[in-house]
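Chain naming here is simple, since letters A, B, ... match the order of the sequence lines and numbering starts at 1 in each.
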There are 2 protein chains.
Amino acid sequence: MVASPKALLDELKRLFGPRVLLARPEKAVYRYDAILVGEEPLAVVLPETREEVQALVRLSRNFGVPLVPRGAGSGLSGGSVPLEEAIAVAFTRMTRLEVDPRTQTAWAEPGVTTARISEAARPFGLFYPPDPASYRTSTLGGNLGENAGGPLCFKYGVTGDYLLELEWVDAFGEVHRLDRKAYDLPGLLVGSEGTLGLITGARVRLLPFPKHRATLMALFPQVEALAEAVSRAIALGAVPARLEFLDASCVDAVEDYLHMGLPRGHALLLAETDGDDPELVQEELALLEETALALGGKVRRARDEGEAEALWRARRAVSPALGRIRPKRVNEDIAVPRSALPQVVREIEALGKAFGLVVVQFGHIGDGNLHPNILFDPRRESEEKVWELAHEIVRVALRHGGVLSGEHGIGFMKRKFMGEAVDPETLGALEAVKEALDPWGLLNPGKVLP
Amino acid sequence: MVASPKALLDELKRLFGPRVLLARPEKAVYRYDAILVGEEPLAVVLPETREEVQALVRLSRNFGVPLVPRGAGSGLSGGSVPLEEAIAVAFTRMTRLEVDPRTQTAWAEPGVTTARISEAARPFGLFYPPDPASYRTSTLGGNLGENAGGPLCFKYGVTGDYLLELEWVDAFGEVHRLDRKAYDLPGLLVGSEGTLGLITGARVRLLPFPKHRATLMALFPQVEALAEAVSRAIALGAVPARLEFLDASCVDAVEDYLHMGLPRGHALLLAETDGDDPELVQEELALLEETALALGGKVRRARDEGEAEALWRARRAVSPALGRIRPKRVNEDIAVPRSALPQVVREIEALGKAFGLVVVQFGHIGDGNLHPNILFDPRRESEEKVWELAHEIVRVALRHGGVLSGEHGIGFMKRKFMGEAVDPETLGALEAVKEALDPWGLLNPGKVLP
Ligand SMILES: Cc1cc2nc3c(=O)[nH]c(=O)nc-3n(C[C@H](O)[C@H](O)[C@H](O)COP(=O)(O)OP(=O)(O)OC[C@H]3O[C@@H](n4cnc5c(N)ncnc54)[C@H](O)[C@@H]3O)c2cc1C
Ligand SMILES: Cc1cc2nc3c(=O)[nH]c(=O)nc-3n(C[C@H](O)[C@H](O)[C@H](O)COP(=O)(O)OP(=O)(O)OC[C@H]3O[C@@H](n4cnc5c(N)ncnc54)[C@H](O)[C@@H]3O)c2cc1C
């Protein structure tokens, strides 16, 4: 309990005026991210400058109330969810953005949405590659907090790969602005989910927009053949921009929803190649087509952008299609070596059956990043059992040399698994770093570390 | 002074037998890197396994003697040079290397030379891009220690961009093996010059070898025109693989040495494009050619690999050519925004004249990474003055929004400048991290931090 909540709230009101939210219905929204629920924050503050963020850190320390940074709250591991009496710091008003075509970079404040960076870069023939499916709402601060990836990440890499320079306020209230030289603190903050500092700005790298793209869809009776086709094509030198996988139950759900004429009981691969040379782009796709055919896949190759769009609808329809099966879902996020993928998909399928719950699987297969989704109806199915299954799914990944999280982060959802995924000595090192940078535990307590 | 040096040396001999060097001439070699001199180490140890590295850390703590990690000792900032009574840990016997073509990665121990990684990858059509000019002797451990770059880094990035997974022994004697997820400690160790842990292995990313390359050389009467040509071509979408710059005094030195017919008093640009599509590779080079011609450059375009080799000789001849002018040199390493480069080159030229010392400049112009070299004869010229000039050169970089080190690191050579380059609050954060991970100050004391 805060010693003097009234004094704290008065001070917040004095400093932030209407940009501090105190009404219960307004605050209640900030209990949630896209999947998890926590405590109602004591207050929600919407800072507009780094100086205001510094002031918040000073208040936090003086009153002993922790801060929970938050972007769009689209996270899937509870990173932005308050777990105790805390101030939610929503960065959605810090939205300045400046594209510099000469250096092919952009300087953005943390509240800028992912999509806006690419939109602002487009007139200069540039784009910002990290593309989480949530890119229209998710913010750069949240993307950095989770080191978000997306379909393009096999070829182009994840958020951290595009960070050139970071500005943040630390737990002592100091502002830092650093590029990524010796003692790469910016890199350390990437993926740290607001536990090591509050990000107030970042310079990110932009890339020239590739001039050409080509798409194919391939359907396989077995996941094994699909995974093998992908591995062979990559070994032959293909570097597809996007490589998305849907398992058979996911494909069936999409077919029930869209009626695209997809065969039942087949696993689906969507692949896109891109580049500046149209022939090379087609050749790279041909490599994928040949290996898919050789392994018994049925291939549809898009003849133009319109057809490509039609094929990609299958991927974009996954969320609504699953929503028709059950009203709620837990979106797991694991990554395993690509060679282990068929076996992992099978084991997770079997687990779903054993638990009597609907499980569908899809993901970025190039990186072995899999999203097993447990679909359920909280009125008829036990949420406890759902989470038990989610945990078993994580154990499958760890058993096959995989990792806890492909791209959604640890948050508080997977915090207790850190002890299974990371040995105690390494955990000790992570704790030492946290202790050094946030000695009073004011920054997003209860996240990442067990 | 070590409390009981005899007991320490006995223990080292017991553990490492002939792999501990104690004879003075043998130890003396380990006082130097490629440019600086420090203290003779108490002993030099050549570990072969991670367990031996752990044993060394335990000894270090028990006897209170610090460890100085070392690869090939080709560093240019004193990173591997002992500054006090210490044990030099030379990783040159840890040379296991395994290429995995399926995942396009290699697992390498720290003593593997940079060149060997690409050699081992070649049969699979793969290569390892980071290419410091020292790549035949430098080791992966040293490359990670300094986050080394090379001519290819404009297009392909630096050592840290290729690190997927790191194994290291910390100051507590614990082994960690981590990929680059939340709390990216591997990333933090990159560029930390052995001050945060001893690297015992790394998984690095390999890339498919580009099938085609093309080269041109362009000579400009003015550095301004050269820098502008580079900027324009990049703005038009050229992403050259290599972009090397030599200033007029450097070109004159090369011409005196090679007699290639280079015009006197001209700045030189060497550019290489690469890719899988021969036409696109030529087109990208054509962009550079056109902008160079438009800005008054004289262009030589190589018609084949043989001619390209001949042009690149100019770059490779720099070291021996400079050696003929003066017996010694200090190789500075700064990075500035590309737009500031002409002005920075002029100011450094003027500084050289004011100091009465020979200064030549070259570097990776794509990244604004410049290597001003001060040539001198220690019998006739004051070494103190040379270092004074070196410091002034760093100040020029900082004044123009540049950084202390482009790729050679801070070591102890630039340690005192950290206070000018980084604000006190940020230095405090760096110190807190160091303190957390190496509380007894046993790992490479006196490096990086002021
Ligand atoms: C439909 C849907 C699809 C998705 N698809 C993907 C996908 O393809 N790939 C993927 O990686 N993720 C995906 N996500 C997850 C989520 O969108 C990403 O993790 C995203 O990066 C979160 O951004 P946000 O702005 O919503 O951050 P939030 O959820 O608000 O916060 C995320 C974390 O970052 C911290 N944080 C936020 N701002 C700051 C700041 N300024 N300083 C310090 N810390 C901060 C928070 O404390 C929290 O720990 C998806 C989510 C949904 C709902
Ligand atoms: C002719 C010449 C050309 C060069 N060209 C370039 C260039 O183009 N680009 C460039 O970036 N550099 C260049 N360098 C500098 C140097 O070669 C690089 O910094 C290289 O990475 C050093 O590797 P090394 O194995 O010699 O490391 P060392 O010099 O032995 O050590 C470098 C640092 O890494 C630490 N270290 C070494 N091994 C480990 C380990 N296992 N664990 C923890 N820390 C460790 C050391 O303590 C030290 O701080 C050049 C040097 C020379 C002499």
Side-chain angles (χ1 to χ4, degrees), chain A residues 101-104 125 146-147 157 160-161 170 172 174-185 187-193 195-197 208 231 234-235 237 239 275-277 279-280 283 337-339 403-405 409-410 422-423 425-426 428-430 432-437 439 448-449, chain B residues 101-104 124-125 146-147 160-161 170 172 174-185 187-193 195-197 208 231 234-235 237 239 275-277 279-280 337-339 403-405 409-410 418 422-423 425-426 428-430 432-437 439 448-449:
Chain A
R102 265 191 89 91
T103 55
Q104 306 199 340
E146 303 292 0
N147 198 10
D161 297 322
D170 70 10
F172 304 82
E174 304 291 354
V175 181
H176 307 289
R177 184 161 170 172
L178 264 189
D179 61 10
R180 306 192 61 178
K181 294 281 163 193
Y183 286 31
D184 178 14
L185 294 187
L188 186 65
L189 262 80
V190 171
S192 74
E193 303 186 340
T195 61
L196 301 178
S231 288
I234 292 173
V239 187
D276 290 337
D277 181 39
E279 270 175 46
L280 214 68
E283 265 171 41
R338 215 188 312 122
S339 56
V403 297
L404 266 190
S405 161
I410 306 298
V422 178
D423 60 72
E425 293 73 29
T426 301
L430 302 181
V433 169
K434 167 74 175 170
E435 170 76 22
L437 296 180
V448 187
L449 295 176
Chain B
R102 266 190 88 92
T103 55
Q104 305 199 340
F124 306 102
E146 302 292 1
N147 198 11
D161 296 322
D170 71 10
F172 304 82
E174 305 291 353
V175 181
H176 307 289
R177 184 162 170 170
L178 266 189
D179 61 11
R180 307 192 60 180
K181 295 278 159 190
Y183 286 31
D184 178 14
L185 295 186
L188 186 65
L189 262 81
V190 171
S192 74
E193 302 186 340
T195 60
L196 301 178
S231 288
I234 292 174
V239 186
D276 290 339
D277 180 37
E279 269 173 46
L280 211 70
R338 213 187 314 123
S339 56
V403 295
L404 266 189
S405 160
I410 305 298
M418 283 291 276
V422 179
D423 59 72
E425 293 74 29
T426 301
L430 303 182
V433 168
K434 167 75 174 169
E435 170 76 22
L437 297 180
V448 186
L449 296 175

Next item on the list: Tell me, for B/L189 versus chain A, whether the close heavy atoms (under 4.5 Å) come from the side chain, the backbone, both or neither.
Entry: neither

Notebook entry, point to check: At their closest point, which heavy atom of B/A429 faces which heavy atom of A/L185, and how far apart are they?
Noted result: CB-CD1, 3.9 Å

Checklist line | chain A contact via B/L437 - side chain, backbone, both or neither, heavy atoms under 4.5 Å | finding: side chain

Checklist line | Side chain / backbone / both / neither for B/D161 at chain A, heavy atoms under 4.5 Å | finding: neither

Next item on the list: Identify which of A/G191, A/P101, A/G160 forms the greatest number of heavy-atom pairs closer than 4.5 Å to chain B.
Entry: A/G191

Notebook entry, point to check: When rounded to the nearest 0.5 angstrom, what is the spacing between CG in A/D276 and CG in B/D277?
Noted result: 10.0 Å

Notebook entry, point to check: With a 4.5 angstrom heavy-atom cut-off, which part of A/L404 approaches chain B: side chain, backbone, both or neither?
Noted result: neither

Check: So do A/D423 and B/V175 actually touch side chain to side chain, heavy atoms under 4.5 Å?
Finding: no

Check: Given the options A/E279, A/E425, A/E283, A/E193, which has more heavy-atom pairs under 4.5 Å with chain B than any of the others?
Finding: A/E425

Next item on the list: Search all heavy atoms of A/A432 against all heavy atoms of B/A436 and return the closest pair with its distance.
Entry: O-CB, 3.4 Å

Check: In terms of heavy-atom pairs under 4.5 Å, which option from A/L178, A/L196, A/V422 contacts chain B the most?
Finding: A/L196

Next item on the list: Drop me the distance from B/E174's CD to A/T426's OG1, to the nearest 0.5 angstrom.
Entry: 8.0 Å

Next item on the list: Name the option with the most non-hydrogen atom pairs under 4.5 Å to chain B; the candidates are A/V448, A/V433, A/L430, A/D184.
Entry: A/L430

Check: Given side chains that start at C-beta, do those of A/L280 and B/L280 come closer than 4.5 Å, heavy atoms only?
Finding: no

Notebook entry, point to check: Using non-hydrogen atoms only, which part of B/T103 is less than 4.5 Å away from chain A: side chain, backbone, both, or neither?
Noted result: neither

Next item on the list: Answer with side chain, backbone, both or neither: which region of A/Q104 has an atom nearer than 4.5 Å to a non-hydrogen atom of chain B?
Entry: side chain

